[in-house]
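In this text the structure is predicted, and so the values were computed from the model without any measurement. Residue numbers start at 1 and run along the sequence shown.
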Amino acid sequence: MAIEQRITDATITCIRELYGTEVPKEQIQLSKTKKEFKGHLTLVVFPFLRISKKSPEQTAQEIGNWLLQNEPAVAEFNVIKGFLNLSVASGSWINLLNQIEANPSYGIKPVAESSPLVMIEYSSPNTNKPLHLGHVRNNLLGYSLSEILKANGNKVVKTNIVNDRGIHICKSMLAWEKWGEGVTPESSGKKGDHLIGDFYVLFDKHYKEELKQLQEKGLTKEEAEAQSTLMAEVREMLRKWEAGDEQVVSLWRTMNNWVYQGFDVTYKKLGVDFDKIYYESETYLEGKGKVLEGVEKGVFYTREDGSVWADLTQEGLDEKLLLRADGTSVYMTQDIGTAKLRFDDYPINKMVYVVGNEQNYHFQVLSILLDKLGFEFGKGLVHFSYGMVELPEGKMKSREGTVVDADDLVDEMVTTARETSQELGKLDGLTTAEAENIARIVGLGALKYFILKVDPRKNMTFNPKESIDFNGNTGPFIQYTHARICSVLRKAEEQGLEIPKQIDTTLPISEKEENLIQTLTGFAQVVEEAGNEYSPAVIANYVYDLVKEYNQFYHDYSILREENTGLKLFRLLLSKTVAATVKKGMALLGIEVPERM
């Protein structure tokens with residue numbers, strides 16, 4: 001049983017015996033003692049004053065005395081106003097360390113047959129451009145969230161919806177037809193998604209030139225846009241695609257396949273994957289069907305021009321277009337269609353959409369519409385809304401080709417990790433293959449950790465140089481500490497030391513070692529909190545705190561040179577448990593930790 005649980009139960013008994021009153025568990029407020037005070041856990045006594053009818057100090061003193069006499073886990077206490085600071089006996093901390101060591105999956109709840117099924121949608125790329133820095137944050141958050149919800153005992157299905165249709169896709173297709181001269185990924189030596197992205201930028205360049213020429217002839221910007229032949233050709237191409245024109249559909253398939261092959265390479269580099277991929281080209285017709293079904297049921301209505309709308313004024317929102325007058329669908333229709341297909345495929349209990357905060361209103365509306373259409377997960381739909389990611393130099397724009405490409409970013413991070421590691425001598429004595437693998441692990445770890453340690457709801461600035469630092473709250477700092485512990489454990493093995501599974505609870509240990517065990521025991525609670533709050537940042541910052549605390553211990557106490565054999569073995573077991581917890585925590589973020597560095 002966790003220390004907190006033991007002391008909570010003991011406090012309930014204490015209040016009953018001292019004051020003759022039963023208090024509910026929720027009234028016991030226990031938290032980690034602040035660093036400036038002595039103790040491990042602090043009990044707030046203010047809720048008990050109406051029962052004790054005494055001052056905060058007197059009440060705290062009485063409860064402290066009772067716990068000291070009746071609860072063996074409490075070694076001593078001190079009172080600061082209405083706060084009772086409790087010091088837990090060393091033996092109780094060692095006992096907890098023994099329990100964590102005996103349970104390799106400590107903090108991770110098992111997934112059972114009856115566990116709820118959570119579907120998580122992330123990535124959602126367009127097939128007219130490669131993945132960029134914004135997609136990187138989305139993919140890393142989505143993958144990490146999947147691992148965290150799995151660790152909280154849920155069945156998880158990772159899914160992706162690919163935006164493979166629409167006018168933006170036709171822009172790349174038309175540009176390739178006009179100016180591509182038959183170029184392919186093979187003939188150009190470029191990844192398919194990069195090649196198509198170049199044509200998307202090229203279309204925008206020609207379109208702007210055309211508008212400029214028309215405006216120079218005296219047309220307004222709006223008149224120029226209306227007379228643009230390029231845009232008229234794009235609209236005609238989209239019409240042909242929707243009508244199933246063989247030539248247009250064939251070109252669409254070819255170019256999309258180039259992009260998918262490129263995406264797969266990027267996903268593999270980032271270490272993310274999906275259980276099921278859906279395509280908007282397959283879901284939008286399903287959406288139209290569900291919307292028309294909604295019209296029949298009186299959930300939606302049709303206007304005179306034939307367009308279909310949802311009236312959400314009762315919900316305090318406005319009216320929402322679902323089908324245009326010409327019968328073509330909008331994004332909302334496609335999302336309804338995708339939801340239908342997913343619900344057909346899986347018994348979804350909760351649906352989580354990992355999408356930027358600029359879509360908050362969209363998902364508020366989608367939740368209401370899915371509920372009106374009878375989807376069980378509609379009302380409980382979760383929009384995992386995250387902030388934008390920028391670079392120190394500002395925002396990025398796809399059309400202008402000023403985005404930070406995901407592949408380039410990963411390659412740059414690995415190169416920087418290699419150069420920094422070499423300068424610091426972290427790769428000394430490794431083979432070329434080992435050094436390259438370490439550079440990859442550290443580069444990706446730096447990128448992932450820097451992005452995931454930030455509260456997902458906040459906008460953030462990604463600074464590649466800061467992220468690769470081997471000191472401070474960074475991935476490489478955590479990875480290096482893990483490698484350092486592995487080195488200590490290897491040396492212990494070379495010395496013939498066998499780390500015991502259990503440590504004698506009567507061993508006298510220091511306050512710093514007690515605090516380190518206390519931090520270790522918090523892992524289970526942190527995993528639960530990260531799941532409840534949908535926040536990988538909770539895990540990231542916990543792992544950093546654990547590593548920081550371990551480094552202080554490592555600096556102050558000898559491990560292999562300790563003369564007391566019992567203490568030496570205890571510190572080795574403590575180190576081993578810290579390394580295992582760091583590895584588990586980083587895995588929930590999708591980050592590898594090396595054993596050598």
Side-chain angles (χ1 to χ4, degrees), residues 131-133 136-137 139-140 143-144 265-266 268-272 389-393 396 403-454 460-490 536-537 539-552 554-555 578-579 582-583 585-597:
L131 302 176
H132 56 64
L133 179 55
V136 170
R137 189 178 197 192
N139 279 281
L140 298 183
Y143 181 84
S144 178
V265 172
T266 311
K268 198 172 176 186
K269 272 186 185 178
L270 287 171
V272 302
V389 57
E390 295 176 5
L391 288 162
E393 48 272 20
M396 307 174 288
V403 296
V404 175
D405 178 83
D407 295 306
D408 292 345
L409 179 61
V410 171
D411 292 345
E412 184 194 324
M413 293 299 295
V414 173
T415 301
T416 309
R418 187 189 303 111
E419 289 167 358
T420 309
S421 300
Q422 278 169 345
E423 278 171 30
L424 296 170
K426 309 277 186 202
L427 305 177
D428 294 353
L430 299 179
T431 65
T432 306
E434 283 171 337
E436 271 311 298
N437 193 39
I438 297 293
R440 179 190 64 80
I441 290 173
V442 173
L444 273 167
L447 171 66
K448 292 181 179 186
Y449 186 83
F450 198 90
I451 284 175
L452 294 174
K453 73 176 181 180
V454 178
M460 68 168 292
T461 300
F462 176 68
N463 189 321
K465 285 186 179 65
E466 268 181 42
S467 73
I468 214 95
D469 196 345
F470 277 83
N471 296 301
N473 192 0
T474 66
F477 172 68
I478 293 166
Q479 289 171 320
Y480 181 60
T481 303
H482 181 268
R484 168 186 267 174
I485 298 173
C486 290
S487 172
V488 170
L489 298 176
R490 277 195 303 275
I539 302 277
N541 290 297
Y542 163 81
V543 176
Y544 172 62
D545 288 340
L546 175 62
V547 160
K548 199 168 57 169
E549 197 135 359
Y550 179 83
N551 277 307
Q552 287 169 0
Y554 182 85
H555 180 267
V578 168
V582 167
K583 189 172 185 175
M586 293 293 262
L588 293 177
L589 304 175
I591 300 173
E592 296 172 74
V593 283
E595 294 193 0
R596 294 172 191 272
M597 238 167 116

Within the side chain of K448, is there an N or O that forms a donor-acceptor pair under 3.5 Å with the backbone of E592? no
Give every residue pair that meets the side-chain hydrogen bond (donor to acceptor under 3.5 Å, both in side chains) criterion with at least one member in residues 417-429, sequence neighbours excluded. R418-E436
Within a strict 4.5 Å, meaning less than it, do heavy atoms of the M586 and H482 side chains meet? no
Nearest heavy-atom contact between L588 and S144 is O-OG, 2.8 Å
Does a sphere of radius 6.0 Å around NZ in K269 hold more than 12 heavy atoms from other residues, nucleotides or ligands, not counting ones at 6.0 Å or beyond? yes
Could you check whether any side-chain heavy atom of F462 comes within less than 4.5 Å of a side-chain heavy atom of L409, counting everything from C-beta outward? yes
Has T416 got a side-chain atom pairing as donor or acceptor with E412's backbone, closer than 3.5 angstrom? yes
Taking the six-membered ring of F450 as reference, does the NZ or CZ atom of K453 fall below 6.0 Å from its centre and within a 45° cone about the axis? yes
Applying side-chain contact (heavy atoms from CB on, under 4.5 Å) to I485 and Y550, what does each step give before you reach the verdict? CA-CA 10 Å; I485 298 173; Y550 179 83; 3.5 Å; yes
What residue among L546, I591, V547 forms side-chain contact (heavy atoms from CB on, under 4.5 Å) with I478? V547
Can you find a pair of side-chain heavy atoms, one from R596 and one from C486, that are under 4.5 Å apart? no
Side-chain (T474) to main-chain (F470) donor-acceptor, under 3.5 angstrom: no
Would the distance check show the side chain of Y449 and the main-chain N or O of P476 forming a donor-acceptor pair, the cut-off being under 3.5 Å? no
For the residue pair N551 and F477, establish whether any side-chain heavy-atom pair is separated by less than 4.5 Å. yes
Tell me which pairs pass ring pair (Phe, Tyr, Trp, His ring centres under 6.0 Å) where either residue lies in residues 415-434, with sequence neighbours left out. none
